[in-house]
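Numbers restart at 1 for each chain; the letters A, B, ... are given by sequence-line order, proteins then strands.
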2 protein chains.
Amino acid sequence: MPKKVDHQKRKIQIAETTWKVIVEEGIEQATVRKIAQASDFSVGAVRHYFASQSELLHFSMELVSERVMQRAKERKFSKEQNPLEFVTEGICEILPVDEERKIEMEVWLAFSAKVLVDKTLQELSNKVYQDIHQGLKNVVQALQLFEIAKKELDLGLEVNRLHAIVDGMAMHHLLNPEQFTREEMIATLNYHLKSILQ
Amino acid sequence: MPKKVDHQKRKIQIAETTWKVIVEEGIEQATVRKIAQASDFSVGAVRHYFASQSELLHFSMELVSERVMQRAKERKFSKEQNPLEFVTEGICEILPVDEERKIEMEVWLAFSAKVLVDKTLQELSNKVYQDIHQGLKNVVQALQLFEIAKKELDLGLEVNRLHAIVDGMAMHHLLNPEQFTREEMIATLNYHLKSILQ
DNA sequence: TTTAATTTAATACAGTTGTACTAAATTAAG
DNA sequence: CTTAATTTAGTACAACTGTATTAAATTAAA
(Lines give C-alpha, C1' and ligand atoms only; values in the text may rest on other atoms or scores of the structure.)
Protein backbone atom coordinates (compact mmCIF):
# COMPACT_ATOMS: atom_id res chain seq x y z
CA MET A 1 0.00 0.00 0.00
CA PRO A 2 2.83 2.38 0.58
CA LYS A 3 5.03 4.01 -1.95
CA LYS A 4 7.84 1.59 -2.72
CA VAL A 5 11.33 2.95 -3.26
CA ASP A 6 14.36 0.86 -4.16
CA HIS A 7 16.32 1.39 -0.98
CA GLN A 8 19.59 0.14 -2.39
CA LYS A 9 19.39 2.44 -5.39
CA ARG A 10 18.58 5.42 -3.19
CA LYS A 11 21.51 4.67 -0.93
CA ILE A 12 23.82 4.45 -3.91
CA GLN A 13 22.45 7.70 -5.28
CA ILE A 14 23.06 9.46 -1.98
CA ALA A 15 26.51 7.88 -1.67
CA GLU A 16 27.49 9.15 -5.11
CA THR A 17 26.37 12.62 -4.13
CA THR A 18 28.54 12.21 -1.05
CA TRP A 19 31.49 11.53 -3.35
CA LYS A 20 30.69 14.71 -5.20
CA VAL A 21 30.65 16.76 -2.02
CA ILE A 22 33.90 15.16 -0.83
CA VAL A 23 35.65 15.84 -4.14
CA GLU A 24 34.44 19.42 -4.33
CA GLU A 25 34.68 20.53 -0.72
CA GLY A 26 36.53 17.87 1.25
CA ILE A 27 35.38 15.19 3.62
CA GLU A 28 34.96 17.54 6.56
CA GLN A 29 32.32 19.35 4.55
CA ALA A 30 30.46 16.14 3.87
CA THR A 31 27.75 17.03 6.38
CA VAL A 32 24.31 15.52 6.42
CA ARG A 33 22.76 18.85 5.51
CA LYS A 34 25.08 19.46 2.55
CA ILE A 35 24.66 15.94 1.19
CA ALA A 36 20.90 16.22 1.52
CA GLN A 37 20.85 19.53 -0.29
CA ALA A 38 23.21 18.33 -3.04
CA SER A 39 21.08 15.25 -3.65
CA ASP A 40 17.80 17.20 -3.52
CA PHE A 41 16.53 15.39 -0.48
CA SER A 42 15.54 16.71 2.90
CA VAL A 43 17.71 15.94 5.88
CA GLY A 44 14.94 13.70 7.15
CA ALA A 45 14.89 11.72 3.90
CA VAL A 46 18.63 11.09 4.01
CA ARG A 47 18.33 10.07 7.61
CA HIS A 48 15.61 7.63 6.59
CA TYR A 49 18.11 5.69 4.51
CA PHE A 50 21.13 6.07 6.76
CA ALA A 51 20.70 5.88 10.52
CA SER A 52 23.76 8.03 11.12
CA GLN A 53 26.37 10.08 9.33
CA SER A 54 29.12 7.56 9.94
CA GLU A 55 26.95 4.84 8.42
CA LEU A 56 26.53 7.02 5.33
CA LEU A 57 30.26 7.65 5.06
CA HIS A 58 31.12 4.01 5.57
CA PHE A 59 28.69 3.01 2.84
CA SER A 60 30.14 5.65 0.53
CA MET A 61 33.67 4.33 1.05
CA GLU A 62 32.53 0.77 0.52
CA LEU A 63 30.92 1.78 -2.75
CA VAL A 64 34.28 2.96 -4.10
CA SER A 65 35.87 -0.43 -3.54
CA GLU A 66 32.85 -2.21 -4.96
CA ARG A 67 33.03 -0.20 -8.15
CA VAL A 68 36.71 -0.99 -8.65
CA MET A 69 36.21 -4.67 -7.85
CA GLN A 70 33.25 -4.87 -10.22
CA ARG A 71 35.31 -3.50 -13.09
CA ALA A 72 38.15 -5.87 -12.30
CA LYS A 73 35.85 -8.89 -12.35
CA GLU A 74 34.27 -7.92 -15.66
CA ARG A 75 37.60 -8.07 -17.45
CA LYS A 76 38.06 -11.10 -19.64
CA PHE A 77 41.18 -12.19 -21.46
CA SER A 78 40.88 -13.17 -25.09
CA LYS A 79 43.53 -15.38 -26.63
CA GLU A 80 44.28 -13.03 -29.47
CA GLN A 81 45.18 -10.22 -27.09
CA ASN A 82 48.70 -9.28 -26.06
CA PRO A 83 49.03 -10.43 -22.43
CA LEU A 84 51.19 -7.47 -21.45
CA GLU A 85 48.62 -5.06 -22.84
CA PHE A 86 45.85 -6.88 -21.06
CA VAL A 87 47.70 -6.64 -17.77
CA THR A 88 48.53 -2.97 -18.27
CA GLU A 89 44.92 -2.10 -18.96
CA GLY A 90 43.88 -4.04 -15.90
CA ILE A 91 46.18 -2.04 -13.67
CA CYS A 92 44.82 1.14 -15.23
CA GLU A 93 41.46 0.25 -13.72
CA ILE A 94 42.92 1.38 -10.41
CA LEU A 95 44.98 4.34 -11.59
CA PRO A 96 43.32 7.76 -11.97
CA VAL A 97 43.57 7.73 -15.76
CA ASP A 98 40.18 9.35 -16.39
CA GLU A 99 37.68 11.51 -14.57
CA GLU A 100 35.64 8.64 -13.15
CA ARG A 101 38.67 6.86 -11.74
CA LYS A 102 40.08 10.15 -10.51
CA ILE A 103 36.96 10.80 -8.46
CA GLU A 104 37.07 7.34 -6.96
CA MET A 105 40.70 7.73 -6.00
CA GLU A 106 40.17 11.17 -4.48
CA VAL A 107 37.35 9.84 -2.37
CA TRP A 108 39.44 6.85 -1.40
CA LEU A 109 42.31 9.11 -0.35
CA ALA A 110 39.99 11.20 1.79
CA PHE A 111 38.74 8.08 3.53
CA SER A 112 42.22 6.62 3.88
CA ALA A 113 43.29 9.59 5.95
CA LYS A 114 40.31 8.85 8.19
CA VAL A 115 41.27 5.17 8.54
CA LEU A 116 44.13 6.08 10.85
CA VAL A 117 41.73 7.35 13.52
CA ASP A 118 38.52 5.50 12.73
CA LYS A 119 38.62 1.85 13.77
CA THR A 120 35.37 1.08 11.95
CA LEU A 121 37.00 1.90 8.60
CA GLN A 122 40.15 -0.15 9.19
CA GLU A 123 38.54 -3.46 8.35
CA LEU A 124 37.44 -2.18 4.95
CA SER A 125 40.84 -0.63 4.27
CA ASN A 126 42.56 -3.92 5.08
CA LYS A 127 40.19 -5.93 2.91
CA VAL A 128 40.77 -3.68 -0.08
CA TYR A 129 44.53 -3.79 0.45
CA GLN A 130 44.38 -7.59 0.44
CA ASP A 131 42.14 -7.74 -2.62
CA ILE A 132 44.32 -5.47 -4.71
CA HIS A 133 47.46 -7.19 -3.48
CA GLN A 134 46.04 -10.54 -4.56
CA GLY A 135 45.01 -9.08 -7.90
CA LEU A 136 48.50 -7.79 -8.57
CA LYS A 137 49.96 -11.12 -7.50
CA ASN A 138 47.80 -12.81 -10.11
CA VAL A 139 49.11 -10.33 -12.64
CA VAL A 140 52.74 -11.12 -12.00
CA GLN A 141 52.10 -14.85 -11.92
CA ALA A 142 50.15 -14.68 -15.15
CA LEU A 143 53.05 -12.93 -16.84
CA GLN A 144 55.33 -15.69 -15.60
CA LEU A 145 53.01 -18.43 -16.83
CA PHE A 146 53.00 -16.86 -20.26
CA GLU A 147 56.79 -16.99 -20.05
CA ILE A 148 56.93 -13.25 -20.50
CA ALA A 149 58.16 -12.24 -17.10
CA LYS A 150 61.41 -13.41 -15.56
CA LYS A 151 61.15 -16.67 -13.65
CA GLU A 152 63.67 -15.77 -10.98
CA LEU A 153 61.62 -12.92 -9.50
CA ASP A 154 60.92 -12.90 -5.77
CA LEU A 155 57.15 -12.99 -6.04
CA GLY A 156 56.36 -11.50 -2.62
CA LEU A 157 58.74 -8.58 -2.94
CA GLU A 158 57.83 -8.07 -6.57
CA VAL A 159 54.15 -7.72 -5.70
CA ASN A 160 54.92 -5.39 -2.79
CA ARG A 161 56.88 -3.24 -5.21
CA LEU A 162 54.24 -3.20 -7.92
CA HIS A 163 51.52 -2.43 -5.39
CA ALA A 164 53.52 0.48 -3.97
CA ILE A 165 54.21 1.83 -7.45
CA VAL A 166 50.54 1.76 -8.37
CA ASP A 167 49.29 3.50 -5.24
CA GLY A 168 52.25 5.85 -5.07
CA MET A 169 51.74 6.98 -8.66
CA ALA A 170 48.01 7.35 -8.12
CA MET A 171 48.65 9.66 -5.20
CA HIS A 172 51.34 11.64 -7.03
CA HIS A 173 49.12 12.22 -10.03
CA LEU A 174 46.16 13.25 -7.88
CA LEU A 175 48.17 15.68 -5.78
CA ASN A 176 50.50 17.00 -8.47
CA PRO A 177 48.81 16.47 -11.83
CA GLU A 178 50.95 19.04 -13.62
CA GLN A 179 54.24 17.76 -12.25
CA PHE A 180 53.36 14.10 -12.62
CA THR A 181 51.07 13.86 -15.61
CA ARG A 182 48.77 11.09 -16.71
CA GLU A 183 51.17 10.28 -19.54
CA GLU A 184 54.16 10.05 -17.21
CA MET A 185 52.16 7.78 -14.96
CA ILE A 186 51.36 5.37 -17.77
CA ALA A 187 54.89 5.55 -19.17
CA THR A 188 56.33 4.77 -15.74
CA LEU A 189 54.01 1.80 -15.37
CA ASN A 190 55.08 0.46 -18.76
CA TYR A 191 58.72 1.04 -17.89
CA HIS A 192 58.37 -0.94 -14.71
CA LEU A 193 56.48 -3.82 -16.28
CA LYS A 194 59.08 -4.06 -19.03
CA SER A 195 61.79 -4.24 -16.37
CA ILE A 196 60.41 -7.51 -15.03
CA LEU A 197 60.12 -9.12 -18.45
CA GLN A 198 62.57 -11.66 -19.75
CA MET B 1 59.56 46.16 29.47
CA PRO B 2 57.17 43.46 28.57
CA LYS B 3 57.52 39.75 29.05
CA LYS B 4 59.47 38.39 26.11
CA VAL B 5 58.48 35.03 24.67
CA ASP B 6 60.26 33.31 21.82
CA HIS B 7 57.45 33.43 19.30
CA GLN B 8 58.95 30.90 16.93
CA LYS B 9 59.45 28.36 19.69
CA ARG B 10 55.89 28.80 20.90
CA LYS B 11 54.52 28.34 17.41
CA ILE B 12 56.53 25.16 16.97
CA GLN B 13 55.35 23.91 20.34
CA ILE B 14 51.72 24.52 19.42
CA ALA B 15 52.24 22.99 15.97
CA GLU B 16 53.67 19.83 17.50
CA THR B 17 50.66 19.61 19.77
CA THR B 18 48.56 19.98 16.63
CA TRP B 19 50.34 16.95 15.19
CA LYS B 20 49.48 15.06 18.34
CA VAL B 21 45.80 15.92 18.08
CA ILE B 22 45.75 15.02 14.38
CA VAL B 23 47.41 11.66 14.97
CA GLU B 24 45.15 10.79 17.89
CA GLU B 25 41.82 12.13 16.73
CA GLY B 26 42.12 13.13 13.09
CA ILE B 27 42.45 16.47 11.37
CA GLU B 28 38.75 17.33 11.65
CA GLN B 29 39.19 17.23 15.42
CA ALA B 30 42.13 19.64 15.26
CA THR B 31 40.01 22.52 16.55
CA VAL B 32 41.42 25.62 18.13
CA ARG B 33 39.90 24.69 21.47
CA LYS B 34 41.29 21.16 21.47
CA ILE B 35 44.76 22.27 20.43
CA ALA B 36 44.73 24.96 23.10
CA GLN B 37 43.68 22.51 25.77
CA ALA B 38 46.19 19.86 24.65
CA SER B 39 49.01 22.40 24.72
CA ASP B 40 47.90 23.88 28.07
CA PHE B 41 47.19 27.29 26.62
CA SER B 42 44.00 29.26 26.54
CA VAL B 43 42.22 29.76 23.25
CA GLY B 44 43.22 33.41 23.44
CA ALA B 45 46.88 32.50 23.83
CA VAL B 46 46.86 30.24 20.79
CA ARG B 47 45.08 32.92 18.83
CA HIS B 48 47.80 35.34 19.87
CA TYR B 49 50.37 33.30 17.97
CA PHE B 50 48.20 32.27 15.03
CA ALA B 51 45.76 34.76 13.56
CA SER B 52 43.48 31.99 12.32
CA GLN B 53 43.01 28.26 12.40
CA SER B 54 44.05 27.79 8.79
CA GLU B 55 47.27 29.67 9.50
CA LEU B 56 47.94 27.25 12.35
CA LEU B 57 47.28 24.22 10.19
CA HIS B 58 49.38 25.54 7.35
CA PHE B 59 52.27 26.17 9.74
CA SER B 60 51.88 22.67 11.18
CA MET B 61 52.06 21.10 7.74
CA GLU B 62 55.06 23.21 6.81
CA LEU B 63 56.82 22.05 9.95
CA VAL B 64 56.58 18.44 8.82
CA SER B 65 58.39 19.16 5.58
CA GLU B 66 60.97 21.28 7.35
CA ARG B 67 61.79 18.46 9.75
CA VAL B 68 62.29 15.99 6.93
CA MET B 69 64.36 18.44 4.90
CA GLN B 70 66.48 19.29 7.92
CA ARG B 71 67.33 15.63 8.50
CA ALA B 72 68.15 15.16 4.82
CA LYS B 73 70.52 18.11 4.82
CA GLU B 74 72.33 16.96 7.93
CA ARG B 75 73.35 13.69 6.28
CA LYS B 76 77.00 13.53 5.26
CA PHE B 77 78.70 10.87 3.23
CA SER B 78 81.99 9.50 4.50
CA LYS B 79 84.34 7.81 2.06
CA GLU B 80 84.61 4.63 4.11
CA GLN B 81 80.89 4.06 3.93
CA ASN B 82 79.13 1.73 1.54
CA PRO B 83 77.33 4.03 -0.94
CA LEU B 84 74.34 1.72 -1.25
CA GLU B 85 73.90 1.65 2.52
CA PHE B 86 74.20 5.41 2.68
CA VAL B 87 71.51 5.81 0.05
CA THR B 88 69.21 3.30 1.71
CA GLU B 89 69.47 5.05 5.05
CA GLY B 90 68.79 8.35 3.34
CA ILE B 91 65.56 7.08 1.84
CA CYS B 92 64.58 5.72 5.26
CA GLU B 93 64.49 9.32 6.47
CA ILE B 94 61.21 9.62 4.60
CA LEU B 95 59.77 6.18 5.31
CA PRO B 96 57.81 5.59 8.54
CA VAL B 97 60.49 3.33 10.02
CA ASP B 98 60.16 4.60 13.58
CA GLU B 99 57.62 6.38 15.76
CA GLU B 100 58.86 9.89 14.96
CA ARG B 101 58.77 9.36 11.22
CA LYS B 102 55.44 7.57 11.51
CA ILE B 103 53.88 10.59 13.18
CA GLU B 104 55.24 12.92 10.53
CA MET B 105 53.91 10.73 7.74
CA GLU B 106 50.48 10.39 9.36
CA VAL B 107 50.23 14.14 9.68
CA TRP B 108 51.42 14.56 6.13
CA LEU B 109 48.80 12.12 4.88
CA ALA B 110 46.06 13.99 6.73
CA PHE B 111 47.16 17.23 5.11
CA SER B 112 47.56 15.64 1.69
CA ALA B 113 43.89 14.70 1.66
CA LYS B 114 43.16 18.36 2.36
CA VAL B 115 45.39 19.53 -0.51
CA LEU B 116 42.81 18.40 -3.05
CA VAL B 117 40.30 20.97 -1.86
CA ASP B 118 42.51 23.63 -0.24
CA LYS B 119 44.30 25.80 -2.79
CA THR B 120 46.47 27.42 -0.13
CA LEU B 121 48.09 24.04 0.67
CA GLN B 122 48.78 23.09 -2.94
CA GLU B 123 51.87 25.23 -3.25
CA LEU B 124 53.48 23.54 -0.26
CA SER B 125 52.50 20.11 -1.52
CA ASN B 126 54.04 20.82 -4.91
CA LYS B 127 57.23 22.18 -3.38
CA VAL B 128 57.72 19.10 -1.23
CA TYR B 129 57.02 16.83 -4.17
CA GLN B 130 59.68 18.66 -6.17
CA ASP B 131 62.21 18.57 -3.32
CA ILE B 132 61.85 14.87 -2.68
CA HIS B 133 61.85 14.14 -6.39
CA GLN B 134 65.11 16.04 -6.78
CA GLY B 135 66.56 14.27 -3.76
CA LEU B 136 65.75 10.86 -5.23
CA LYS B 137 67.15 11.95 -8.58
CA ASN B 138 70.41 12.78 -6.83
CA VAL B 139 70.34 9.35 -5.25
CA VAL B 140 70.03 7.52 -8.55
CA GLN B 141 72.66 9.71 -10.20
CA ALA B 142 75.03 9.19 -7.29
CA LEU B 143 74.71 5.43 -7.63
CA GLN B 144 75.50 5.78 -11.32
CA LEU B 145 78.54 7.97 -10.64
CA PHE B 146 79.86 5.35 -8.22
CA GLU B 147 79.40 2.88 -11.08
CA ILE B 148 77.10 0.84 -8.90
CA ALA B 149 73.85 1.43 -10.75
CA LYS B 150 73.24 0.55 -14.36
CA LYS B 151 74.19 3.25 -16.84
CA GLU B 152 71.39 2.53 -19.29
CA LEU B 153 68.59 3.50 -16.91
CA ASP B 154 66.02 6.05 -18.06
CA LEU B 155 66.69 8.59 -15.33
CA GLY B 156 63.31 10.34 -15.44
CA LEU B 157 61.22 7.19 -15.39
CA GLU B 158 63.52 5.58 -12.86
CA VAL B 159 63.07 8.48 -10.45
CA ASN B 160 59.31 8.48 -10.98
CA ARG B 161 59.30 4.81 -10.11
CA LEU B 162 61.47 5.15 -7.03
CA HIS B 163 59.42 8.09 -5.79
CA ALA B 164 56.18 6.16 -6.22
CA ILE B 165 57.63 3.14 -4.44
CA VAL B 166 58.71 5.24 -1.48
CA ASP B 167 55.42 7.05 -0.99
CA GLY B 168 53.34 4.02 -1.86
CA MET B 169 55.14 1.87 0.70
CA ALA B 170 54.90 4.61 3.31
CA MET B 171 51.15 4.74 2.85
CA HIS B 172 50.77 0.98 2.85
CA HIS B 173 52.71 0.59 6.05
CA LEU B 174 50.79 3.38 7.78
CA LEU B 175 47.39 2.03 6.79
CA ASN B 176 48.12 -1.69 7.04
CA PRO B 177 51.06 -2.13 9.44
CA GLU B 178 50.30 -5.79 10.12
CA GLN B 179 49.88 -6.74 6.48
CA PHE B 180 52.80 -4.66 5.25
CA THR B 181 55.32 -4.61 8.06
CA ARG B 182 58.28 -2.35 8.62
CA GLU B 183 60.58 -5.25 7.72
CA GLU B 184 58.78 -5.94 4.46
CA MET B 185 58.98 -2.28 3.63
CA ILE B 186 62.74 -2.18 4.09
CA ALA B 187 63.24 -5.49 2.32
CA THR B 188 61.21 -4.28 -0.63
CA LEU B 189 63.27 -1.08 -0.80
CA ASN B 190 66.49 -3.10 -0.81
CA TYR B 191 65.09 -5.44 -3.45
CA HIS B 192 64.25 -2.53 -5.70
CA LEU B 193 67.57 -0.77 -5.27
CA LYS B 194 69.41 -4.00 -6.03
CA SER B 195 67.38 -4.34 -9.20
CA ILE B 196 68.83 -1.16 -10.63
CA LEU B 197 72.42 -2.11 -9.80
CA GLN B 198 74.85 -3.41 -12.39
C1' DT C 1 58.53 50.93 42.57
C1' DT C 2 56.58 52.58 38.56
C1' DT C 3 55.68 52.01 33.79
C1' DA C 4 54.09 49.99 29.61
C1' DA C 5 54.10 46.54 26.14
C1' DT C 6 53.43 41.73 25.78
C1' DT C 7 51.02 37.87 26.99
C1' DT C 8 47.08 35.54 28.87
C1' DA C 9 42.32 34.38 30.24
C1' DA C 10 37.56 34.55 29.88
C1' DT C 11 33.50 35.47 27.77
C1' DA C 12 30.40 36.34 23.97
C1' DC C 13 28.45 35.61 19.46
C1' DA C 14 26.77 33.97 15.33
C1' DG C 15 26.94 30.03 12.62
C1' DT C 16 27.09 25.01 11.96
C1' DT C 17 26.84 20.38 13.43
C1' DG C 18 24.47 15.48 14.22
C1' DT C 19 20.45 13.78 15.66
C1' DA C 20 15.61 13.36 17.21
C1' DC C 21 10.96 14.11 16.64
C1' DT C 22 6.57 15.08 14.63
C1' DA C 23 3.33 15.73 11.23
C1' DA C 24 2.42 15.79 6.50
C1' DA C 25 2.59 13.77 1.91
C1' DT C 26 2.61 9.97 -1.14
C1' DT C 27 0.88 5.91 -3.25
C1' DA C 28 -0.01 0.87 -3.96
C1' DA C 29 -3.41 -2.38 -2.56
C1' DG C 30 -8.16 -3.56 -1.13
C1' DC D 1 -12.47 5.96 -2.74
C1' DT D 2 -10.29 4.06 1.62
C1' DT D 3 -6.69 2.44 3.91
C1' DA D 4 -2.21 2.15 5.80
C1' DA D 5 2.67 1.76 5.51
C1' DT D 6 6.40 4.14 3.51
C1' DT D 7 8.55 8.21 2.54
C1' DT D 8 9.32 13.07 3.16
C1' DA D 9 9.64 17.81 5.12
C1' DG D 10 10.30 20.81 8.68
C1' DT D 11 11.57 22.12 13.05
C1' DA D 12 14.01 21.86 17.40
C1' DC D 13 17.86 21.15 20.41
C1' DA D 14 22.11 20.75 22.60
C1' DA D 15 26.79 20.71 21.52
C1' DC D 16 30.56 22.55 19.14
C1' DT D 17 32.81 25.67 15.85
C1' DG D 18 36.06 29.96 14.55
C1' DT D 19 36.64 34.33 15.77
C1' DA D 20 36.34 38.84 18.23
C1' DT D 21 36.58 41.51 22.22
C1' DT D 22 37.80 42.85 26.60
C1' DA D 23 40.12 43.15 30.74
C1' DA D 24 43.50 41.11 33.58
C1' DA D 25 48.10 39.32 34.44
C1' DT D 26 52.93 39.26 33.72
C1' DT D 27 57.46 41.12 33.70
C1' DA D 28 61.58 43.62 31.84
C1' DA D 29 63.22 48.18 31.85
C1' DA D 30 63.40 52.97 33.72
Check side-chain contact (heavy atoms from CB on, under 4.5 Å) between [X] and all other residues, then give those that pass, not counting sequence neighbours.
| X | result |
| --- | --- |
| B:Gln37 | none |
| B:Val115 | A:Leu175, B:Met61, B:Leu121, B:Gln122, B:Ser125 |
| A:Tyr191 | B:Leu153, B:Asp154, B:Leu157, B:Glu158, B:Arg161 |

Original post:
Where along residues 14-31 of chain B does a heavy atom fall under 4.0 Å from DNA chain D?
Top reply: B:Thr31
Set of side chain to side chain donor-acceptor pair (under 3.5 Å) partners for [X], sequence neighbours left out:
| X | value |
| --- | --- |
| A:Asp131 | A:Lys127 |
| B:Asn190 | none |
| B:Gln179 | A:Asn126, A:Gln130 |
| B:Lys150 | none |

Subject >> Selection: residues 114-125 of chain B, any non-hydrogen atom under 4.0 Å of DNA chain C >> reply: none
Original post:
Among residues 48-57 of chain A, which residues get a heavy atom nearer than 4.0 Å to DNA chain C?
Top reply: A:Ser52, A:Gln53
Whole Å only: how far is the [atom1] atom of [X] from the [atom2] atom of [N]?
| X | N | atom1 | atom2 | result |
| --- | --- | --- | --- | --- |
| A:Asp40 | D:dT7 | CG | C1' | 16 Å |
| B:Gln8 | C:dT6 | CD | P | 18 Å |
| A:Phe41 | D:dG10 | CZ | P | 14 Å |

Quick one: sort the [X] and [Y] rings into parallel, tilted or perpendicular, breaks at 30° and 60°.
| X | Y | answer |
| --- | --- | --- |
| B:Phe180 | A:Tyr129 | tilted |
| B:His163 | B:His133 | tilted |
| A:Phe41 | A:Tyr49 | tilted |

**OP:** For B:Glu55, enumerate each residue passing the salt bridge (Lys or Arg N to Asp or Glu O under 4.0 Å) test, keeping only those at least two apart in sequence or located in another chain.
**Re:** none
Might you list the N or O atoms of the protein lying below 3.5 Å from N or O atoms in nucleotides 10-12 of chain C, with each pair's distance?
none

Original post:
Is any side-chain nitrogen or oxygen of A:His7 closer than 4.0 Å to OP1 or OP2 of D:dT7?
Top reply: yes
**OP:** May I ask you to check whether B:Gln144 and B:Lys151 show a side-chain donor-acceptor distance below 3.5 Å?
**Re:** no
Subject >> A:Phe146-A:Phe86 aromatic ring centre distance below 6.0 Å >> reply: no
